[in-house]
Amino acid sequence: MVENPEFKVIGFFCNWCSYAGADLAGNMRLNYPADVRILRIPCTGRMDPLFALKALLEGADGVMVSG
Amino acid sequence: MARVGVFICHCGSNIAGKVDVEAVARESASIPGVAYSSHNKYSCSEAGQKTIIDAIKENRLDRVVIGACSPKMHENTFRNTIRQAGLNPYMLEIANLREHVSWVTEDRDAATRKALDLVRSAVGKVAFAKPLTPGKVPVEKRALIIGGGIAGIQAALDIAGMGYEVVLVEREPSIGGRMAQLDKTFPTLDCSACILSPRMVDVAQNPNIRLLSYSEVESVGGYVGNFDVVIRKKARYVNESKCTGCLECVSKCPVRKIPNEFENGKAMRRAIYVPFAQSVPKVPVIDKNHCQYLLSPDPSTIEVKEGERKPRRRCGACKIVCGQDAIDFEQQDEFIKEKFGAIVLATGFNPFDHSKYGEYGAGRIPDVITALDFERMVNSSGPTEGKILRPSNGEKPQRVVFIQCVGSRDEAKGVPYCSRICCMFTAKQAILTREKLPDAEVFVFYMDIRAAGKGYEEFVRRAQMEYGAEYIRGRVSRVYESDGRLIVKAADTLAGLPVEMEADLVVLATGSVAREDAFELASAIGITTDSYGFISEVHPKLKPVEIPREGVFACGACLSPRDIPDTVATAGAVAAKVGILFSKDFLESDPMVAEIDPFKCAACGACVAVCPYSAITMEEFRGKKFAKVNEAMCQGCGTCTAACRPGAAQLKGQTDEQILRSVEAVLQW
Amino acid sequence: MKTYAYYPGCSLEASSREYDTSVRAVFNKIGIELKEVPDWSCCGSSQAHKIDGDMAAAIAGRNLALASSIGDIIAPCASCSMSLKEAQIELEHDGPIRRVLVEAGYEYLPGSVSVLSAVEAAYQAVESGLFEGKISSPLLGLKVASYYGCLLVRPPKIAQFDDPENPVSMDRIMEMAGAKPVEWSHKVDCCGNAYILVDRNMTLNLVSNILNAAVKADADVIAAACPLCMQNLAERQAQMQQRYGLKRKIPVVYFTQLIGAAMGLDNRMLGLKDDLLKLIDIRRQEEIAAREAGRKAKEAEERAKEARRKAAAEKEKAAKEAKEKESTEKESSGTKEAGEAG
Amino acid sequence: MRGYSMKVSGQLRSINTHLKREIEKLSGQKLDACYLCGKCSAGCPVAPYQDIAPHVVMRLAQLGHKSVLESKMIWNCVSCGTCVTRCPNNVDPAKVCEALSRISKREGLVNSKVALALREKFVDLIKNRGRVHELTLVIQLKMASGDWFSDLDVGIPMFLQGRLPISGHRIKDLKNFKKLFEGNKEGNK
């Protein structure tokens, strides 16, 4: 396995606002670092603390929850 | 064991330009559970979809990951695709390789790595997907329209014309909106009232339309096909069913000096009034903030001490003259609760408030007026009965100067966007000025002329060539008073000349802005506005009248500044969309709702407490308590799932297991 | 007694001494102590800024650093207060300018001082009532055109004071001093500042436009708040009358000189010219006479009203009595008739 | 009022992005934010007495056209702030003029010797004394312009009243004060 040059930050983004916002960033071609991996959740209400713990246990460098 | 198929879309060069799609497809093949992977130039095209269908059949795939654009774009398309291949449409995950990867990443290698991670995550999630079946909900075939301007009127007439029931809610005492305030309309110069009034009357007479004027929407609950709406019918103090519209009461009201909102405050009305002559309904309203009767206390409730004068009798002049006994001072606000299948927003716009423009006097100079003031002034039913006069002294102006882009295209004091209609209404007002005052000079200061529309450029050229309006390219720096006239300081940027001219009347082409309370209404309905306060549509090109909350639509200038033709066109479009919705008796409900396993449920009630939609109730069966989800009310937010400690509540399609697996998969190095 | 750091600036030392003395006198009288910034240096003005913005910020910043031990700074000259405000914005964040200052041995603590022009300070004093009871000889009837010029209120993002297009603070101050501020069009028009030395023709044109606007508004005097404005507006009026269409001469003074006069301060500290002092007296007498006449007219009107009211009441009374008489007569005659019939 | 006599010479072949970027860097202004509405020219008190109007300066700066360096306008901006107060795009044309005049001096294209003398003598004075000595400044500028007589009617009475003192104040801490100029040498182009 190759050493990954980026960090891996896991983003849990609300489908209705932040995920759509990230889509908008794409539509506007705004460049940002490739270190974030965005996962779509239906609402930040769905965010279980377990998800963040799981991400950190699996080796994530950071967790970002937005909604 | 699941058999996942992975399809990576090039999206032309949109994805393939930044992501090595071949490598992603190749690497995906080795992800556990993946039975097939390929890449494809345009997956959403007919040929692309056929490739997917064939691959599913040939490789006996039972679930699919598509690496393409945002799921917001094509999730439904691809659900249909796999349905055609015989799969349950919910056995699909989309990895967003365009908006979240190729369009936002500079480095090709990093983009490719990120893309592969997202595909892994999607595979991890879809591997634990279960087939889902949508439920069925009936459609309440009645439409609620909020706003009675030309947009709301047109939408109401069109929907009613299809045979559906419509309730039209208008905040003001009469429908008509901004269009009723205008004099002539561009580019045909036909009279605004003459083309609007017949439609207003049609609304009043259409048996399918119920008009609730002087009313506001309080709250909206429910969901598409089944909205629960509470409407506040403000106390009018006039019984609508008794009133004949003779307006005898208005002529007898002693409170006279109240600025009339319809005249932009430039003329007075009484405490009981109809906003304008052609008002629909022609039923007056009593303004409770000015009515002497309503403001003074009831004499019978006041104790009169010895030696004191008896309090004066309350006014009640209107009640005395009304032959129909229609005046009812006891009326209270009334709350109407109704069910609707669709909601249409047609709440319109406001003219820009120029009080921030100190350089143009900020409203302190009487002879600097706004375009709307001018419309009322040239209107024969307006405060000057159609005569163009200087407000300061009532004289005819010798020179009228129009200043365009006041508030528009001004990041410093106004809004950055172009308000779209000002070039045209300024040309129209220049023409009307030259028609009414042939001896007066007309100057128009502009930055650019934006006259894209049928007959628009020709109209502006007519203003210049036939009517002799002088156009000067340059933004005016300052307007000030000197010796009873106005001085306009500008520069002709094309000639390279400083301009300092005297004028008698300056008309500011104030831009269009969102209504300041649009945001509150939007939050009450649960939809969003853009940063300017205009209602956000689902897609500016392909879904221009649909709103992200299903079953809610919008038309006219509440979406963005627009002229009458575009407003009427979007109103018709909305009617068509509502018609499509109402053509079905039942709607498929989203199957991605929560369910609670009664055997795991500990009946702690945590989910009941957190559910924002009150969709969970406690049930009891043979002595065992458990929570139960009302699928029709559940909006699929998953808050209950996060709150449930025994893991009994699970959001279908977004189960704990699915999300945890996708987290695990995205972090595989 | 509140203490401010006082930054006079180069002009107030020389050409504009009366601004310096009048500011000190006025603020002293309302209980504000002005402590001169020790060993202050030039603010750089707009000229240094044109050579090098960072250098300009550094030399202005030195004064801020020196003042920070005293407190908020009052800088009467509009150009100085603008330069200091601009430098302060730069110094609020840790950047190269703060480093240059530290290297030269001056330390500025962010947020330690705020910069006020004399107009701002005086306006704050008016707002907080410090002038109450101090106006012993109000400038009644004196029509004052308040001239703010450019840098007192512009650019708004740096000045952060009053309205950049239609400022009113100095007008309010003049009202407080008993004078009549006039509405006029050239409150914030530029006088050309030091460019009198570069392009005389241009500057004199600008100045005569400003003066003519004040003349048109029928002002007795222009109140200024900047030494550069003062130089341009007050001098060369005869020349402007000859060649630049100036309609009449008009006195120009610092606004603090006028406040001082209203407070009855010794004119040795204010330096007002005799002509103007005379004019102030004349206007005051006129105003007092006019008010007296107004009061008398009002009284006369009241008396006339009262008389009319009395007359009307008497008339009504008479009419009522006549009516009563008539009805009683009727009644008695009626009974008479009835009796006769019976 | 006079027109801005158009004194732009040369042809437009391409955009000089090098000069454009330098102007942006020195002025801190985003040149492309300007859409050339002309409101700056409309309100500028000095523009009618110059060769080109402020919005033309802005346009030439956007193009990076060298002719702008020879204009008089960039030297005679009085920094009154009218333009930036009213600009719809929050651009400060005065700062652009300032930047252009610095480049113009470096390139030896100065059009207004007196304006240059004003700012240079001014800064020299404060550098040497810490404060401005008005009399010295006036005399030096008279030397630069050669116009000795126009203001004698103003200057002589002022001098006699002692409002233009011969000796000026020198600040005490001149040594450290001078460091403020040296510390910024790199920025002083």
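Letters go in sequence order (proteins before strands), and every chain restarts at 1. Only this structure's heavy atoms are used, side chains among them; waters, hydrogens and symmetry mates stay out.
- Using a cutoff of 4.0 Å between basic side-chain nitrogens and carboxylate oxygens, A:Asp23 and B:Lys72 are not scored as salt-bridged.
- Contacts between B:Ser121 and chain A at a heavy-atom distance below 4.5 Å involve the side chain alone, from C-beta outward.
- Interface check for chain A: of the options B:Met592, B:Gln654, B:Glu106, the most heavy-atom pairs under 4.5 Å are formed by B:Gln654.
- Residues B:Thr639 and A:Cys43 come closest through the heavy atom pair OG1-SG, 4.5 Å.
- Here A:Asn31 is the residue among A:Leu57, A:Asn31, A:Leu30 with the most heavy-atom pairs under 4.5 Å with chain B.
- In the displayed structure, B:Glu550 atom CD is contacted under 6.0 Å by at most 12 heavy atoms of other residues, nucleotides or ligands.
- Shown here for A:Gly45 and B:Ala642, the closest heavy-atom pair between the two residues is O-CB, 3.2 Å.
- With a 4.5 angstrom heavy-atom cutoff, B:Asp109 does not touch chain A via any of its atoms.
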Assess the residue pair A:Val36 and B:His100 against the criterion (side chain to side chain contact (heavy atoms under 4.5 Å, CB included)); give the C-alpha distance rounded to whole Å, side-chain angles, the decisive distance to 0.1 Å, and a yes or no.
CA-CA 9 Å; A:Val36 64; B:His100 288 193; over 6 Å; no
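- Of the inter-residue distances, the one linking B:Ser662 atom OG with A:Phe12 atom CZ reads 7.0 Å to the nearest 0.5 angstrom.
- Heavy atoms of other residues, nucleotides or ligands lying less than 6.0 angstrom from OH of A:Tyr32 number more than 12.
- Interface remark: A:Asn15 contributes backbone and side-chain atoms alike to the contact with chain B (heavy atom separation under 4.5 Å).
- Each of B:Thr105, B:Val610, B:Asp107 has some count of heavy-atom pairs under 4.5 Å with chain A, and the biggest count is that of B:Thr105.
- Between A:Ala34 and B:Ala110 the shortest heavy-atom distance is CB-CB, 3.8 Å.
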Check against side chain to side chain contact (heavy atoms under 4.5 Å, CB included), A:Leu50 and B:Asp656
CA-CA 9 Å; A:Leu50 189 63; B:Asp656 285 339; 5.9 Å; no
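- A distance-only check finds no donor-acceptor pair linking the side chain of A:Arg40 to the backbone of B:Pro71 [under 3.5 Å].
- Ranked by heavy-atom pairs under 4.5 Å with chain A, the first of B:Ile659, B:Val101, B:Leu118, B:Asn96 is B:Ile659.
- For B:Arg645, the CZ atom sits in a loose shell: 12 or fewer heavy atoms of surrounding residues, nucleotides or ligands are nearer than 6.0 Å.
- For the residue pair B:Val104 and A:Gly26, the shortest heavy atom distance occurs at CG1-CA, 3.6 Å.
- Atom CZ of B:Arg661 sits about 7.0 Å away from atom NZ of A:Lys54, to the nearest 0.5 Å.
- Here the side chain of A:Lys8 pairs a donor or acceptor atom with the backbone of B:Val666 at under 3.5 angstrom.
- Within the 4.5 angstrom heavy-atom criterion, atoms from both the backbone and the side chain of B:Leu660 approach chain A.
- For a residue to count as touching a neighbouring chain, one of its non-hydrogen atoms must lie under 4.5 Å from one of that chain's; by this rule A:Tyr19 touches chain B with backbone and side chain alike.
- Looking only at heavy-atom pairs under 4.5 Å with chain A, the residue among B:Arg98, B:Glu75, B:Met73, B:Gln635 that has the most is B:Glu75.
- Atom SG in B:Cys640 sits 8.0 Å away from atom CZ in A:Arg46 (nearest 0.5 Å).
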Quick one, B:Thr528 with A:Trp16, criterion side chain to side chain contact (heavy atoms under 4.5 Å, CB included). Give me CA distance, side-chain angles, the key distance, then yes/no.
CA-CA 10 Å; B:Thr528 53; A:Trp16 303 106; over 6 Å; no
